[in-house]
Amino acid sequence: MGNGHDMAARRKRVRVRFAPSPTGDLHVGNARTALFNWLFARREGGDFILRIEDTDASRTDRVYEANIVEDLRWLGLTWDEGPDVGGDFGPYRQSGRLALYGEHLERLIAKGSVYPCYCSDEELEAERLAQVARREPPRYSGRCRLLSAGERARREGEGRRPAWRFAVPPGTVSFRDVIRGNVTFEGRDLGDFIVVRSNGIPAYNFACVVDDHLMGMTHVIRGEDHLSNTALQLLLYRSFGWQPPRFAHHALILGKDRAKFGKRHGSVSVREFRERGILPEALVNYLALLGASLGGGREVAGIDGILASFSLNRAGKSGAVFDEEKLAWLNAHHLRLLDPEGLRSRLDPFIRKAGYGGEEEGRLQAVIAAVRDNLTDLWQIGDYLVMFDDGRFRLDEEAAAVLGREGSREVVAALGEAVDRHGASFGAVMAYVEEKTSRRGRDLFLPVRAALTGRVRGPELERVFDVLGPESVKKRVAKVLGGVART
RNA sequence: GGUCCCAUCGUCUAGUGGUUAGGACGCCGGCCUCUCACGCCGGAAACCGGAGUUCAAAUCUCCGUGGGACUACCA
């Protein structure tokens with residue numbers, strides 16, 4: 001007995017990684033991949049590694065790397081090893097591993113797995129065009145594979161610097177994907193791919209395999225868009241004689257038109273959602289929910305709840321459309337779960353952005369308490385701050401229309417009188433106005449709301465009244481009445 | 001075009017041979033003696049098509065159809 005336990009104990013410690021290329025801000029799709037890896041590592045008691053794939057110097061920017069790191073931290077996806085925290089398998093930036101790739105290229109050359117290709121971009125392009133014209137699949141013909149030593153020497157003599165291509169062998173490449181089951185590719189459909197570019201920089205698939213192996217990855221969890229890359233990478237593992245990791249390819253996030261979720265679909269980066277006032281826990285919750293389910297019909301969950309029910313098997317195989325409205329709903333939910341201090345600190349950057357925060361803390365908290373149930377994102381606090389600011393408060397179109405209606409001025413005038421008599425008691429004030437104007441319900445409340453807040457929607461009137469206080473109420477009444485009721 | 005992957009309400013999903021096909025977002029109606037938000041109640045809304053296997057198919061098989069990804073000296 002105890003076999004299962006022994007097996008588990010003997011099993012290698014799980015190691016997974018998130019390997020972004022710093023060519024832009026963190027895309028929510030990539031954030032979701034990072035989340036899956038993080039969850040998997042935490043679930044299995046393994047390590048989560050951050051590796052920066054910055055081999056293409058022309059597209060890479062250190063600023064993006066810093067942003068990605070910041071956004072991942074903001075989401076709460078911390079890593080055990082990475083460029084900033086170190087670890088035993090570094091360097092964690094591919095730009096610092098060039099010597100390693102060089103050594104490994106030598107090994108492939110020695111094994112005869114790769115060959116130098118002297119074709120220029122123009123030649124390659126012409127070949128592709130010809131293939132397309134002949135209605136053939138555009139694939140590298142492999143012509144440099146047959147070059148004799150003499151022909152190679154002649155090209156070298158012309159000063160041509162070769163790129164190294166992998167000589168894809170005939171036969172099939174297949175693997176068992178954790179999410180998709182068996183996947184098979186035919187070698188002849190693959191085409192000899194570039195391993196090291198003519199400028200000496202390793203190409204993605206090669207660098208990725210060398211790093212994943214050297215860094216001891218046990219699982220590679222990534223988007224479905226890498227499915228065909230996996231076939232190429234497996235060929236590399238085979239050549240090196242390495243045991244490949246387990247692969248799991250999750251489905252992609254789609255836009256409304258069901259195409260890969262991209263810029264034309266609106267906000268796509270973590271940063272954009274953050275700046276719009278989305279809570280990290282809401283985004284994480286949504287990303288975990290998208291294309292999957294938490295089980296038991298549960299949808300709202302914090303990171304612990306997500307962790308408890310996470311399983312790669314629960315990830316769907318088909319692409320999932322990103323639904324901003326559901327994200328907004330989740331955000332409103334998580335907003336309400338925050339305690340007052342938590343909400344206050346999350347709100348802080350948005351309060352400052354709106355130009356507030358310097359005033360009395362008590363008043364600020366009163367405003368927050370009054371509007372918190374109406375908030376669906378953090379950004380909206382700015383509008384409410386303006387609404388409660390006597391100096392900046394304005395009537396919007398709908399409010400002006402309400403106040404222009406028959407009988408509205410009468411209500412507002414009565415409100416002014418009521419405040420003079422009953423001061424801070426909302427109940428007494430409204431009772432007076434109701435008696436005086438014999439209006440009730442909407443006809444009574446809406447003009448009051450419009451006069452006091454400048455809008456026709458907002459927090460409960462009593463709370464607005466309390467935060468405003470008699471002085472502000474009178475100022476607003478006077479403003480609406482055009483200075484008539486000034487005292 | 002080629003290769004690979006996928007297919008339940010508009011959207012995200014539950015469902016692993018027998019269910020009135022469930023839930024969530026959104027939408028519509030109602031309630032909560034103002035609005036919005038929240039909450040609650042109710043409603044409309046789906047198994048891509050065709051064969052086959054089976055007593056029985058959303059579930060298994062095949063063929064269509066549709067959608068997506070990949071198809072760079074980007075990652």
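This is a predicted model, so every value here is computed, not measured. Within every chain, numbering begins at 1; the chains are lettered A, B, ... in the order of the sequence lines, protein sequences first and strands thereafter.
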Take atom C1' in B:rC55 and the same atom in B:rU3, then report the distance between them in whole Å. 42 Å
Under 4.0 angstrom, heavy atoms only, what part of the nucleic acid is A:Asp443 near: base, sugar-phosphate, or nothing? nothing
Residues A:Tyr286 and A:Asp323: side-chain donor-acceptor under 3.5 angstrom: no
Distance between the C1' atoms of B:rU19 and B:rG42, in whole angstroms? 22 Å
Just the rounded figure in Å: distance from C1' of B:rU13 to CG of A:Leu289. 8 Å
Using a 4.0 Å heavy-atom cut-off across all strands, classify A:Lys260 as base, sugar-phosphate, or nothing. sugar-phosphate
Taking only side-chain nitrogens and oxygens of A:Ser228, does any of them come within less than 4.0 Å of OP1 or OP2 of B:rC4? no
Heavy atoms only, 4.0 Å cut-off, all strands: where does A:Arg298 land among base, sugar-phosphate and nothing? nothing
When all nucleic acid strands are considered with a 4.0 Å heavy-atom cut-off, which category describes A:Ala320: base, sugar-phosphate, or nothing? sugar-phosphate
What does A:Thr184 touch in the nucleic acid at a heavy-atom separation under 4.0 angstrom: a base, only the sugar-phosphate, or nothing? sugar-phosphate
Under 4.0 Å from OP1 or OP2 of B:rU35: is there any side-chain N or O of A:Arg455 that close? no
Of the listed nucleotides (B:rG23, B:rC34, B:rG26), which one gets closest to any side-chain atom of A:Phe445? B:rC34
Would you classify A:Leu227 as touching base, sugar-phosphate or nothing, given that sugar-phosphate means primed atoms plus P, OP1 and OP2, and contacts are heavy atoms under 4.0 Å? sugar-phosphate
Classify the nucleic acid contact of A:Ala292 as base, sugar-phosphate or nothing, counting any heavy atom under 4.0 Å across all strands shown. sugar-phosphate
Among the nucleotides B:rU11, B:rA24, B:rC73, which one has an atom lying closest to any side-chain atom of A:Ile194? B:rC73
Can you measure A:Arg188 atom CZ to B:rU3 atom P for me and round it to whole angstrom units? 9 Å
Short side-chain donor-acceptor distance under 3.5 Å, A:Glu156 and A:Tyr118: yes
Using OP1 and OP2 only, check whether a side-chain N or O of A:Arg197 sits under 4.0 Å from B:rC74. yes
For the P atoms, the ones on B:rG2 and on B:rG50, what distance do you get once it is rounded to whole angstrom? 27 Å
Using a 4.0 Å heavy-atom cut-off, does A:Asn182 contact any base of the nucleic acid, only the sugar-phosphate backbone, or nothing at all? sugar-phosphate
To the nearest angstrom, how far is A:His249 atom NE2 from B:rG68 atom P? 20 Å
Less than 4.0 angstrom from a charged side-chain N to a carboxylate O is my criterion; do A:Glu158 and A:Arg155 meet it? no
Separation of the P atoms in B:rC12 and B:rA21, to the nearest angstrom: 22 Å
Calculate the interatomic distance between A:Leu330 atom CG and B:rC38 atom P; express it in whole Å. 12 Å
When you compare B:rU59 with B:rG1, how far apart are their P atoms, in angstrom units rounded to a whole number? 28 Å
For the side chain of A:Arg180 and the base of B:rC5, is some donor closer than 3.5 Å to an acceptor across the two? no
Identify which nucleotide among B:rA72, B:rC34, B:rC70 has an atom closest to any side-chain atom of A:Arg128, counting heavy atoms from C-beta outward. B:rA72
Between B:rC74 and A:Ser21, is there an OP1 or OP2 to side-chain N/O distance shorter than 4.0 Å? no
How close or far is atom C1' of B:rC12 from atom CG of A:Leu283, stated in whole angstroms? 15 Å
Using OP1 and OP2 only, check whether a side-chain N or O of A:His250 sits under 4.0 Å from B:rC6. no
Find which nucleotide of RNA chain B each of A:Pro137 and A:Asp56 is nearest to by heavy atoms, and output the residue with the more 5' nucleotide. A:Pro137
Heavy atoms from C-beta onward define the side chain here; which of B:rC34, B:rC25, B:rA75 lies closest to that of A:Arg449? B:rC34
For B:rC36, what is the paired nucleotide under Watson-Crick or G-U wobble rules, both distances under 3.5 Å? none
Note: A:Arg51-A:Asp212 ion pair, threshold 4.0 Å (strictly below): yes
For B:rC12 and A:Arg258 - does any side-chain N or O of the residue sit under 4.0 Å from the phosphate oxygens OP1/OP2? yes
CD of A:Glu299 versus P of B:rG26: gap in Å, rounded? 11 Å
Under 4.0 angstrom between A:Lys317 side-chain N/O and B:rG68 OP1 or OP2: no
Minimum-distance nucleotide (side-chain atoms of A:Arg165 versus B:rC73, B:rG1, B:rC6): B:rC73
Decide, yes or no, whether a salt bridge links A:Glu53 with A:Arg93 under the criterion of side-chain N to carboxylate O below 4.0 Å. no
Would you classify A:Cys208 as touching base, sugar-phosphate or nothing, given that sugar-phosphate means primed atoms plus P, OP1 and OP2, and contacts are heavy atoms under 4.0 Å? nothing
Quick check on RNA chain B: between A:Arg32 and A:Ala332, whose nearest nucleotide comes earlier from the 5' end? A:Arg32
Just name whichever nucleotide pairs with B:rC62, Watson-Crick or G-U, keeping both distances under 3.5 Å, else none. B:rG50
Distance in angstrom units between A:Glu460 CD and B:rG39 P, rounded: 16 Å
Kindly point out which of B:rU3, B:rG26, B:rC34 is positioned nearest to the side chain of A:Asp189? B:rU3
Just the rounded figure in Å: distance from P of B:rC70 to NE2 of A:His226. 9 Å
Given A:Pro459, which partner from the list A:Asn374, A:Val467, A:Leu375, A:Val367 fulfils the side chain to side chain contact (heavy atoms under 4.5 Å, CB included) test? A:Asn374
Nucleotide of B:rC25, B:rC5, B:rC36 approaching A:Asn374 most closely (side-chain heavy atoms): B:rC36
Select one nucleotide: of B:rC5, B:rC34, B:rG2, the one nearest the side-chain heavy atoms of A:Arg139. B:rG2
Residue A:Ala259, side-chain heavy atoms: nucleotide from B:rA69, B:rA7, B:rU11 that is nearest: B:rA69
Look at the aromatic rings of A:Tyr237 and A:His213 and report parallel, tilted or perpendicular, splitting at 30° and 60°. perpendicular
Could you work out the separation of B:rG66 and B:rG49 based on their P atoms and round it to a whole Å? 15 Å
From the list B:rC73, B:rC4, B:rC25, which nucleotide is the closest neighbour of the side chain of A:Lys326? B:rC25
Applying the 3.5 Å cut-off to both distances, the Watson-Crick or G-U partner of B:rG18 turns out to be B:rC55
Let's test this: given Watson-Crick or G-U wobble pairing with both distances under 3.5 Å, identify the partner of B:rC70. B:rG2
Taking atom P in both B:rU35 and B:rU11, compute the distance separating them and give it to the nearest angstrom. 33 Å
Please report the distance separating the C1' of B:rG22 from the corresponding atom of B:rC47, rounded so that it comes out in whole Å. 13 Å
Across the strands shown, which category fits A:Ser293 at heavy-atom distances under 4.0 angstrom: base, sugar-phosphate, nothing? sugar-phosphate
Within the 3.5 Å criterion, strictly below it, is a donor on A:Thr230 or A:Arg222 matched to an acceptor on the partner's side chain? yes
Side chains of A:Asn30 and A:His27: donor-acceptor distance under 3.5 Å anywhere? no
Should the pair A:His333 and A:Trp329 be assigned to parallel (<30°), tilted (30 to 60°) or perpendicular (>60°) ring geometry? perpendicular
Re B:rG29: Watson-Crick or G-U wobble partner, both distances kept under 3.5 Å, found to be B:rC41
